[in-house]
Amino acid sequence: MVVEVSNLVKKYGSLTALDGFSMELHQGEVLGLLGPNGSGKTTAINCILSLLSFESGSIKIFDKEMSPDAYDIKRDIGVVMQNVAVFDELTVYENIDYFCGLYITDKKERKKAVEGAIEFTGLEDYRKFLPKKLSGGLLRRLNIACGIAHKPKLIFLDEPTVAVDPQSRNAILEGILKLNATGATVLYTSHYMEEVEQICSRIIIMDKGKVIASGTKDELKGMIKAGEKITVEILSEAEIDLEAIKIMPGILSVELKQETSSNHLVIKSERGTNNLAAVIKYLTGVNIETGRIYSEPPTLNDVFLEITGKHLRD
């Protein structure tokens, strides 16, 4: 076991941030840790890293008790937090060299590690640049290089793709999978559900300081009511009797989204039902002219919203 957290309780005065939080991270996993704002994700990570104390519970990393002075454990951990944490007055190379030097003191070994991190993150052409000269995507890649240059066995990645362009996001995600392929175990947090579906082998959803669901993406999708979602482009101006569709077996919701160019009929069904043929038959029978029609299975976003609710969080 790489990380084992048992019944963690963390309070801020009268607020319970972690309420019996437990999780396991196995060797070779990319584990997604999801939750709404205020669910306790950041608090959990900071407790695991011994950056915060806690009231009760236990944390083991590499089968050893974690503590603030467990430097033998910390040498094998890499941390990339959401906020870019580099020195503005140091170049790309100097930043990576500094952070790598916290773990590797031998100059020859460290130089090799720094060059490897620069190559890995595609920063070869920017080694002499100051951070203020870098784009948002390059800054994120520098942040990652600083966190992984010492080749950690365990990597914490907290929202590493926030506010970057699609090309940089793709490069970062590919890099995470490469790190995993070379033996690193990864804990990954993100609000981008498509990213989590793409790279995570297992997912934990937490809320109100505790785990409320866990499993592979397919296992999580099997826990919810929502199944097939049918979207129909409506070209006709004739009115649609939504109630006639709602009474079809297994229909959860029917919505007509009115847009400038064309309207779209969105129908959500229960898991295990297939209403596509019935919907097409009904629309044809009442002479509704349609354009594009497509059906899609539930997404991780559907799972997240059904499990945690749709109300806004602070």
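Here the structure is a predicted model, which is why all the values come from computation and not from measurement.
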Open item on the list: Given the ring of Y192, does R169 sit roughly above its face, with NZ or CZ under 6.0 Å from the centre of the six-membered ring and within 45° of the axis?
Closed with: yes
Task: More than 12 heavy atoms of other groups within 6.0 Å of Y12 OH - done: yes
TODO: Check for a donor-acceptor pair, side chain of H26 on one end and backbone N or O of L31 on the other, with a separation under 3.5 Å.
DONE: no
Task: Sequence-distant partners of S168, side-chain hydrogen bond (donor to acceptor under 3.5 Å, both in side chains), two or more places apart - done: D165
Task: Over-ring placement of R292 relative to Y294, 6.0 Å and 45° cut-offs - done: yes
Task: E197 side chain to K217 backbone, donor-acceptor under 3.5 Å - done: no
TODO: Decide whether S262 and E233 meet the rule of one side-chain donor and one side-chain acceptor closer than 3.5 Å.
DONE: yes
Task: E119, CD: over 12 other non-hydrogen atoms inside 6.0 angstrom - done: no
Open item on the list: A quick test of your reading: do over 12 heavy atoms of other residues, nucleotides or ligands sit less than 6.0 Å from CD of E237?
Closed with: no
Task: Short N-O contact, D97 and R110, less than 4.0 angstrom - done: yes
Task: Main-chain N/O of S53 paired with K10 side-chain donor or acceptor, under 3.5 Å - done: yes
Task: Q82 side chain vs V162 backbone, donor-acceptor pair below 3.5 Å - done: no
- [ ] Please determine, by modelled atom types, if T43 and N46 share a side-chain donor-acceptor pair under 3.5 angstrom.
- [x] no
Task: Partner set under side chain to side chain contact (heavy atoms under 4.5 Å, CB included) for E243, not counting sequence neighbours - done: D241, K246
Open item on the list: Would you say OH of Y126 has more than 12 non-hydrogen atoms from neighbouring residues, nucleotides or ligands within 6.0 angstrom?
Closed with: no
TODO: Mark yes or no for whether T185, through its side chain, and L154, through its backbone, hold a donor-acceptor pair below 3.5 Å.
DONE: no
Task: Distance flag, aromatic centroids of F99 and F87, threshold under 6.0 Å - done: yes
- [ ] For the pair D106 (side chain) and E109 (backbone), establish whether a donor and an acceptor sit closer than 3.5 Å, ignoring hydrogens and angles.
- [x] yes
Task: Residue pair D207 / T308, side-chain donor-acceptor N/O under 3.5 Å - done: no
Open item on the list: Taking NZ in K210 as the centre, count heavy atoms belonging to other residues, nucleotides or ligands within less than 6.0 Å. Is the count above 12?
Closed with: no
Open item on the list: Regarding S295 and E228, do their side chains bring together a donor and an acceptor under 3.5 Å, going by distance alone?
Closed with: yes
Open item on the list: Are I176 and N180 packed together at the side-chain level, in the sense that at least one heavy-atom pair is separated by less than 4.5 angstrom?
Closed with: no
Open item on the list: Would you say E195 and T161 are linked by a side-chain donor-acceptor pair, where the criterion is simply a distance under 3.5 Å?
Closed with: yes
- [ ] Indicate whether any N or O donor in one side chain lies under 3.5 Å from an N or O acceptor in the other, for S67 and D69.
- [x] yes
Task: Over 12 foreign heavy atoms within 6.0 Å of CD, E89 - done: yes
Task: Check: N95 side chain, T91 main-chain N or O, donor-acceptor pair, under 3.5 Å - done: yes
Open item on the list: If you count heavy atoms of other groups shown closer than 6.0 angstrom to OH of Y98, is the number above 12?
Closed with: no
TODO: Please test Y188 against L33 for side chain to side chain contact (heavy atoms under 4.5 Å, CB included), starting from the C-alpha separation and ending with a verdict.
DONE: CA-CA 6 Å; Y188 185 81; L33 181 61; over 6 Å; no
